[in-house]
Every structure is written in C-alpha cells, then in structure tokens.
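Structure below; questions to follow.
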Number of protein chains: 2
Amino acid sequence: MDAADARDPTRVEGSATGQASARRMPPSSQEAALLDAAEELFYEEGYQAVGMDRLRTASGVPLKRIYGLFPGKEAVAVAMLDRRDARWRGALDTHVRRHEDPHRRVLAVYDWLEERLVGPGHRGCAWINAFGELGGTSEPVAEAVRRHKASFRRDLGVLVAEAGASTATADAIHLLAEGLLVTGGIVGDARAVARTAAEAREAADRLLQSTAAGSRIAGL
Amino acid sequence: MDAADARDPTRVEGSATGQASARRMPPSSQEAALLDAAEELFYEEGYQAVGMDRLRTASGVPLKRIYGLFPGKEAVAVAMLDRRDARWRGALDTHVRRHEDPHRRVLAVYDWLEERLVGPGHRGCAWINAFGELGGTSEPVAEAVRRHKASFRRDLGVLVAEAGASTATADAIHLLAEGLLVTGGIVGDARAVARTAAEAREAADRLLQSTAAGSRIAGL
DNA sequence: TTGACTGGAGAACGTTCGTTCTCTAGTCTA
DNA sequence: TAGACTAGAGAACGAACGTTCTCCAGTCAA
C-alpha cells in the first residue's frame, strides 16, 4: 500500500464518473465490496445473468484483483453465500431473542421471514434460488446451500426445543418455514406474502399448542 | 438418411450413431420429442446450462423446425413447464384417488412427492428450480411457475376440503408440501428425503386430527 | 424424366461470457 | 532524481451461446 492510503484510509470511492472504484482500497474492503455487489446482483438477476464485468463495475474492484482474491466466479458465489449465511442467521437470532417467551420466539421466525420476503426487489430465498440455478452443475454451490439449510434447520430446532416442543414439531416448524420461503418468493406481491406468512404462523402455533396440550395430558 | 426411413413413417430414430432423428416425424411428434428432451435436460442441468444444440441433438428435431415451432428458447421452456404441469398434477390426482378415505388421500400426497423426489437424477421441484434460475429475468417463466403453484395449491385445497378440514389446515398442508419439495430437492440423498417426507406427513396428520378434534369439540 | 419444392444438417454470424494479458500512471527505495 | 515495481483500466482471447442462413438430398406433380 502507499502513502495516500495512510493519509486517507477511509477513501473507498474516487472515480469522477460516479461509479465505484476500489482504487487505494485495502484488500479486505475490496473483498467486502466485491461480495456486496455479488450478493445484490446474483440475488436479483441470478448467477449466470451477471457477468464478471458487471461485478467489477458495481464493486469497483478490478478484474485482476477479483481473480487474485478468488480462483473464479464459482468461488465468488460460494463465498458470498457463506458470508450471507452468517449474517442472515445472526439477524434472525437477534430478532427472535428480542422476545422473552420461548413460544413467541418460534412464531417470531415467521414474522422475520415475512419482513425479508416483502422488501422491494426481493425474490425469495437466495439459497433456494442458487440451488435451482446451479445445484445441478456446481457441487461447491450445492454444498453451500446444504450447509445453510442444515444450519437453519438446527437453529430452528434449538428454538423449538427451548419452547418445550417435540422434535417432530421442530421438523414441522422447519418445513413450514421452508414452505413460506419458497412460496413467498414465487407469489411476488406483498399481500400474498403476508397471507402466506400468516398461514405458516398459524399452523406453527397450532402445532406448538397441540404439543403443549399433549404434554399436559401426558402429565409432563 | 436413406429410403428405409421413407418406407417406415412411424420410425422415430434412425441415425447410425444412435442419436435421435426427427426425419419424417410428424410435427406434433417433433414437438413432443423436443419437449421431452427439454424437460429432461433443463431439469437435470438447468436452463442456461443446456444450449439449443443439445436440445437438437437429444430430440432429433432440427434447429430450423424448433424455431418454426417456437419463437425462441424461452418459449420452449414455458411450453415444457406447462406440459409438465398437466402431466404432473394428473399423476398426483390419479395417485391419491386410489385411496378411498379422504383423510388418507391427503397424506398420500406426501407419499407421492417422496416417490418423485428420490428417483435417480432427481433434483427437487422443476418449477422451484426454474424460478430460482429465471424468475428474475424471464417474466413468462415466472408466470408459468406461478400458474403451476397456484394450481397445485388449489388441488390440495380440494383434497383437504373433501377430508372435512378447514381452509387454515389446507394452507398448512400446502406449505408442508412446498417445504418437502424444496428440502427434499436440496438434501439429495434418499434417506434424508424419506425422513423429510415422514416429517411432513406426520405434521399433516396432526393438523388434520386437530381439525377433526376441534370440529368434534365444537359439535360439528 | 424434369423441374419446383420441402426440409434437414450443419455452417455461419454476431454477441457475450470467463479469464488472461498489456500498457501505463503512480509510488517507493536508494 | 532514477529506476524498479505495483496495481488498475481495459483490451484481448478463445469458447459457447441463441439464432439465422446456406446448401443439398429427397419428394412429388406433370
């Protein structure tokens, strides 16, 4: 790195044309900028519809450096999915733990998913979409999707266990969440997403109640 | 090609290399052969990973005729999805109606989905995958997916209504089915698919039972 | 048999892709 | 200041794509 960076290490964009530039950006910021652009563009348009050139333009990271950071486009996609996984599940955890009641926490999962699904430009679950596009041709991407889905399922299992419900109920809570994710992504408009989320939440509530009722009947 | 083909108009393949040939095939058969190839290849590898040349080779239908039958690749994909929709839902209907008990019919949906998900080369739900790949860039494909999912949901609604359960239960049955489709597609191996199907089936059963119990309690 | 016609095989075309290479402006050491 | 070096902007490259076009074997009416 050079003296200019030392003088202004916060400098991130500097092009006169207004497009992002990675000039003098430290490598870690460049990687972040690249993954930011990849996350947004791949999510909105798909993986194959976005070329490396658009990633370069949107992130301001030169092609030469992109290929210095990652061996190829596929690796960028995997890194993006993994980074998103950490952030996504962290945000979900933060959201649900704002509630004290363990039962309410489980239902709050659906609130959070609904919020995520109705935003502008949203197109469902990034991992489901990635699997749909690349699951058949890219094993690394397929594995990243399986990692995320397994982690999500595990996280839900913990929440449901804390609510005192059975593992069978946890399984159902998970399938309802996946059903909401895929259906909410496809239907498109916000009203339908809200309706679908309400359906999932109500079904989850019924299953949690019936577990509790069963437990009471069994004297647990 | 040779005179032997002319003598046998029903002949559908005739290449010495073993690949399909559409020579002398009537246009309706050519369309069917094309959609057969499109269905298989697009499903296994994705839409953008399969070029028109491979469609031509696999179906035996010349490019000239493909572009005579459809204005472009996108239209082939939409036609394939629509044709598959009719066959897919027809087969589901046939399967569930082999059972007499309306309650059992609903559960049989999950049996059938499980069968579909464990076959070799299977990669989940063709419509979910198509949406993941093209939902952001092709409105005709996105609409075909929405058509199919709306029809599937409606079909399930009829089955659940015939079982005497509420519309809320029907919604849950649908979300569980979607959750099974997406999860079963991603997890890959047959054991995990079977386990997921069992989870969905059990949750559906509980929801149907609780509806029935609720109805009895309410004196209906 | 002749001539017009049809339709298939595959070449051709223009574009776009992922990836690599070149050139140059700017920086640091001595 | 001189020279080695770094890194970015964009050209270059080979491959593959969707689509169109060319050419010729085969067919049918007269």
Side-chain angles (χ1 to χ4, degrees), chain A residues 1-8 11-17 19-27 29-31 33-34 38 41-42 45-77 133-134 137-138, chain B residues 1-9 11-17 19-27 29-31 33-34 38 41-42 45-77 133-134 137-138 141:
Chain A
M1 225 28 72
D2 57 28
D5 275 340
R7 271 178 250 122
D8 183 5
R11 178 181 163 89
V12 164
E13 48 188 341
S15 163
T17 67
Q19 71 188 27
S21 167
R23 212 163 160 73
R24 307 274 148 254
M25 199 189 288
S29 294
Q30 288 187 311
E31 180 169 332
L34 173 64
L41 292 173
F42 287 165
E45 303 180 35
Y47 176 84
Q48 301 183 82
V50 176
M52 296 300 275
D53 236 42
R54 289 193 53 204
L55 242 46
R56 182 188 82 88
T57 304
S59 68
V61 180
L63 281 175
K64 200 182 195 177
R65 181 160 289 276
I66 294 177
Y67 282 94
L69 291 165
F70 299 98
K73 193 183 185 185
E74 184 180 57
V76 174
E133 181 167 2
L134 299 172
T137 52
S138 167
Chain B
M1 220 31 68
D2 55 26
D5 276 341
R7 273 178 248 121
D8 181 6
R11 181 178 165 87
V12 165
E13 46 188 344
S15 162
T17 66
Q19 71 190 24
S21 168
R23 210 162 161 74
R24 304 274 148 257
M25 199 190 288
S29 296
Q30 287 186 312
E31 180 170 333
L34 172 65
L41 291 172
F42 288 164
E45 302 180 37
Y47 176 84
Q48 301 182 83
V50 176
M52 295 300 276
D53 236 41
R54 290 194 52 207
L55 242 45
R56 183 188 82 88
T57 303
S59 68
V61 180
L63 280 176
K64 200 183 197 177
R65 180 159 291 276
I66 294 178
Y67 283 94
L69 291 165
F70 299 99
K73 194 184 185 186
E74 184 180 58
V76 175
E133 181 167 2
L134 299 173
T137 51
S138 167
V141 168

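The chains referred to below are lettered A, B, ... by the order of the sequence lines, with proteins before strands, and numbering in each begins at 1.
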Once you round it to whole Å, what is the distance between C1' of C/dC21 and CG of A/L63? 12 Å
Quickly work out the A/L69 CG to D/dG8 C1' distance and round it to whole Å. 13 Å
Among the nucleotides C/dG18, C/dG8, D/dG18, which one has an atom lying closest to any side-chain atom of B/M52? D/dG18
Can a side chain N or O of A/Q48 be found less than 4.0 Å away from OP1 or OP2 on C/dG18? no
Tell me which of A/Y47 and B/D53 sits closer to the 5' end of DNA chain C, going by the nucleotide each one is nearest to. B/D53
Classify the nucleic acid contact of A/V50 as base, sugar-phosphate or nothing, counting any heavy atom under 4.0 Å across all strands shown. sugar-phosphate
Could you list the residues that satisfy salt bridge (charged side-chain N to carboxylate O under 4.0 Å, His left out) with B/E74, not counting sequence neighbours? none
Taking the nucleotide of DNA chain D with the closest heavy atom to each, which residue, B/K64 or B/E74, is nearer the 5' end? B/E74
For the student: nearest non-hydrogen atoms of B/R56 and B/L63, plus distance: CD-CG, 3.5 Å
The side chain of B/R65 lies closest to which of these nucleotides: C/dG7, D/dC17, D/dA11? C/dG7
To the nearest Å, give me how far apart CZ (B/F70) and P (D/dG18) are. 16 Å
Counting heavy atoms from C-beta on, name the nucleotide in D/dT22, D/dT19, C/dT20 closest to the side chain of A/Y67. C/dT20
Nearest 0.5 angstrom please: B/L69 CG to B/Q30 CD, how far? 6.5 Å
Give the rounded distance in Å between these two atoms: CG of B/L55 and P of D/dA16. 18 Å
Atom pair distance, as rounded to whole Å: CD1 in B/I66 and P in C/dA9: 11 Å
Exam field: side chain A/E133 to backbone A/Y47, donor-acceptor pair closer than 3.5 Å: yes
In whole Å, I'd like the distance from the CZ atom of A/R56 to the C1' atom of D/dA11. 11 Å
Closest to the A/P62 side chain: D/dA9, C/dC17, C/dG7? D/dA9
If the condition is side chain to side chain contact (heavy atoms under 4.5 Å, CB included), which residues does B/F70 pass it with, not counting sequence neighbours? B/E31, B/L34, B/L35, B/A75, B/V76, B/A79
Expressed in angstrom and rounded to an integer, what is the separation of B/R54 atom CZ from D/dT19 atom P? 17 Å
